[in-house]
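One is the number of the first residue; the rest follow in order along the sequence.
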Amino acid sequence: MEQKKISGAKALIESMLHEGVDTIFGYPGGAIMPAFDALYDYNDKINHILTRHEQGATHAAQGYARVSGKVGVCLVTSGPAATNAVTGISDAMLDSTPLVVITGQVGAALLGTDAFQEIDVVGITQPITKWAYQIRKAEDIGWAVARAFYIARSGRPGPVVLDITKNAQFQEFEFSYEPCTYIRSYRPIPEIDPQQIEEAAQLINNAKKPYALVGQGVVLSGAEAELKTFLEKADIPAAWTLLGASAMSTDFPLNKGFLGMHGNVSPNMKTNECDVLIAIGMRFDDRVTGNLNSYAKQAKIIHIDIDLAEINKNVKADAPVLGDAKEALVALTAKINSAKHTEWGNSFKEYDDKENEIVIQKELYPASGEMTMGEVIRRVSEATGHKAVIVTDVGQNQMMAARYSKYTQTRSLVTSGGLGTMGFGIPAAMGAKMGAPERTVCMFSGDGGFQMTIQELGTIMQEQIGVKMIILNNHFLGMVRQWQEMFFEERYSFTEMQNPDFIAIAKAYRIDGTEVHQREELDAAIADMLKDDKPYLLVVNVEKKGMVYPMIPAGASVAEILLGEKK
């Protein structure tokens, strides 16, 4: 490969171009300034989005990665910039989101001297990344960038941090680039053991009540079509985790709904009634399993996962299948028998009818009184033809959005699952729109989470990012208040909020918006929001003390799901 003598900073940009990077989210500063200076000459090839905070940059990169399937990229300086990025890096690690975060660092000669804005970035981020590495000389830049992108996107995706000293950015050297396709000590996609497939297939073929749990691994491996074929062949009902949302279309007949603490009743109850449980690309999170001592004890467990660390971590598998979800489903589908489980599939309906009567109808179609979160979310979903990318913040708005949005295509729900990061919504929505500019992006947030990253309205203004932001305003930290009501004797300790005029703030950022107080105003306001592709803020005042039901109390069995009554 032809070599040319360039600076380390320019080599960094050239290396990213080799990896197909077209968008970077970042914030300049002293230790990364040479890289930003080099970036100045690449404006026609790389779109840099200046966020208003480094945490915003990481969440925006997450949103971009989640909808596009590409690696999200951040470029920030040293010290406080790097530590501001830690929340987004942690979030990406728990949610298996491919990120490469590049931080500036003081010159190599100053390392360890407590120089201005020096911090041990590698030491801080090693526990929350797939790989963290410090580049101290320009010659290592191409090698490190190639390795970083390979690790971030391969196998179970995740974040990588490259900490690059200032001297390495200035040094000139003979640059050439070799993509990374193999690391001796790293096996991102395990080879599937045919015996594991045989054992899993035998369990399915003998099952009377098979049941599949669909996680984000299906989306990450691009296995949506293979999942559908697998489920249809053996007539297996399936439910989805929060991050597995949209892996199946809402109207797919075998899609039985949402698992977990605030999921649907039948998916949770049937976990403890099935005879074979097939977990596909999910990690048996505590919000899905509830009390492990009473979780699916009657069932044989098949666990398909690409990460060996997840097998037998929380739930012991009778037939583990280590490998990529798409490959595993193809192999398994070839071995299972065509079957019908009509009576088993129909048995979900009794629970569905009960939930519909006690919870859903009242949430979506209240006879009177204040607006509910659920009815707002469903009306927005309907107005977009159920085709929008739904981005959420964290809390009641998140659970309601997952429950009451409908999904017609994959990669349609972007939310903070494992870390549950308030403030995720606005920047993640920006990134999602940059990653899928042809799609409508609707972001739901509570009034609390919105104010955590409200400064990113400046980024939306500057870049004219056409995100549709909906604040479900109840003047409370709603999810915490719900727990206080249920488990802390209604002692509302520091959860009620006095809020600003959100529309006036949006106007200051030259973003159009409106505030809705009455149900009769809602449809017209939604239509106005969606009439073009410009950024818009819709503030909807909802009931102050709304509750997200059903709910499995923390530490309870999935069968102890509450439909509204307090225990």
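No side-chain donor-acceptor contact under 3.5 Å links His59 to the backbone of Ile426. Using a distance-only test at 3.5 Å, with no hydrogens or angles considered, a donor-acceptor pair links the side chain of Thr333 to the main chain of Leu329. No donor-acceptor pair under 3.5 Å is formed between the side chain of Ser405 and the backbone N or O of Ala402. Listed for the Asp393 side chain is no donor-acceptor partner under 3.5 Å among the backbone atoms of Gly446.
Looking at residues two or more places apart in sequence or on another chain, you find a salt bridge (Lys or Arg N to Asp or Glu O under 4.0 Å) between Asp533 and Lys433. Every residue was checked against the salt bridge (Lys or Arg N to Asp or Glu O under 4.0 Å) condition with Lys387, not counting sequence neighbours, and none meets it. Applying the side-chain hydrogen bond (donor to acceptor under 3.5 Å, both in side chains) rule to Asp324 yields no partners; only residues at least two apart in sequence or on another chain are considered. Remark: Asp353 engages Lys349 in a salt bridge (Lys or Arg N to Asp or Glu O under 4.0 Å) (not counting sequence neighbours). Residues passing the salt bridge (Lys or Arg N to Asp or Glu O under 4.0 Å) test with Lys313 are Glu310, sequence neighbours excluded. Residues meeting the ring-ring contact (aromatic ring centres under 6.0 Å, His included) test with His303, sequence neighbours left out: Phe284.
Within the structure, every pair that satisfies the salt bridge (Lys or Arg N to Asp or Glu O under 4.0 Å) test and touches residues 537-554, not counting sequence neighbours, is listed here: Glu496-Lys544. Applying the salt bridge (Lys or Arg N to Asp or Glu O under 4.0 Å) test to pairs two or more places apart or on separate chains, those with a residue in residues 400-428 are Glu355-Arg403. Legend: salt bridge (Lys or Arg N to Asp or Glu O under 4.0 Å) pairs involving residues 519-528, not counting sequence neighbours, sorted by first then second residue: Glu375-Arg519, Arg379-Asp523, Asp528-Lys531. Residue pairs meeting the ring-ring contact (aromatic ring centres under 6.0 Å, His included) criterion with at least one member in residues 364-395: none, sequence neighbours excluded. Sequence neighbours left out, the pairs with a member in residues 56-74 that pass salt bridge (Lys or Arg N to Asp or Glu O under 4.0 Å) are Asp22-Lys70, Arg66-Asp95.
Side-chain contact check for Thr421 and Asp91: at least one donor-acceptor pair (N or O, by modelled atom type) lies under 3.5 Å. Residues Tyr536 and Thr514 have side chains that never bring a donor and an acceptor to within less than 3.5 angstrom of each other. Using a 3.5 Å distance cut-off with no hydrogens or angles, the side chains of Thr87 and Gln55 do not pair a donor with an acceptor. Side-chain contact, Thr392 with Thr415: a donor N or O sits under 3.5 Å from an acceptor N or O. Under 3.5 Å, the side chains of Ser266 and Asn264 contain no donor-acceptor pair of N or O atoms. Side-chain contact annotation: Thr241 with Gln216, donor-acceptor N/O pair under 3.5 Å absent. For Arg481 and Thr495, the side-chain atoms include no donor-acceptor pair closer than 3.5 Å.
No side-chain heavy atom of Ile151 sits under 4.5 Å from any side-chain heavy atom of Val100. Put simply, the side chain of Pro190 reaches to within 4.5 Å of the side chain of Ile306, judged on heavy atoms. Ile552 has its side chain out of reach of His262: every pair of non-hydrogen atoms, C-beta onward, lies at least 4.5 Å apart. The shortest distance between side-chain heavy atoms of Phe230 and Ile278 falls below 4.5 Å. Between Val160 and Leu99, every side-chain heavy-atom pair lies at or beyond the 4.5 Å cut-off.
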Are Tyr351 and Glu273 close enough, and set up right, to give a side chain to side chain donor-acceptor pair (under 3.5 Å), and what steps lead you there?
CA-CA 12 Å; Tyr351 292 124; Glu273 296 179 25; 2.6 Å; yes
Show, in sequence, the C-alpha distance, side-chain angles and deciding distance for Thr271 and Leu259, and conclude whether the side-chain contact (heavy atoms from CB on, under 4.5 Å) test is met.
CA-CA 9 Å; Thr271 304; Leu259 288 161; 4.2 Å; yes
Indicate every side-chain donor-acceptor pair of residues 200-214 with a distance under 3.5 Å to a residue at least two apart or in another chain.
residue, atom, partner, partner atom, Å
Asn205, OD1, Asn337, N, 2.7
Asn205, ND2, Ala201, O, 3.3
Asn205, ND2, Lys335, O, 3.4
Asn206, ND2, Gln202, O, 3.2
Tyr211, OH, Pro267, O, 2.7

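Counting non-hydrogen atoms of neighbouring residues, nucleotides and ligands closer than 6.0 angstrom, the NZ atom of Lys354 reaches no more than 12 such neighbours. Around NZ of Lys130, the count of heavy atoms belonging to other residues, nucleotides or ligands within 6.0 Å exceeds 12. Heavy-atom neighbours of Glu382 CD from other residues, nucleotides or ligands within 6.0 Å: above the threshold of 12.
Salt-bridge formation is detected for the pair Arg283/Asp285: a Lys NZ or Arg NE/NH1/NH2 atom is positioned less than 4.0 Å from an Asp or Glu carboxylate oxygen.
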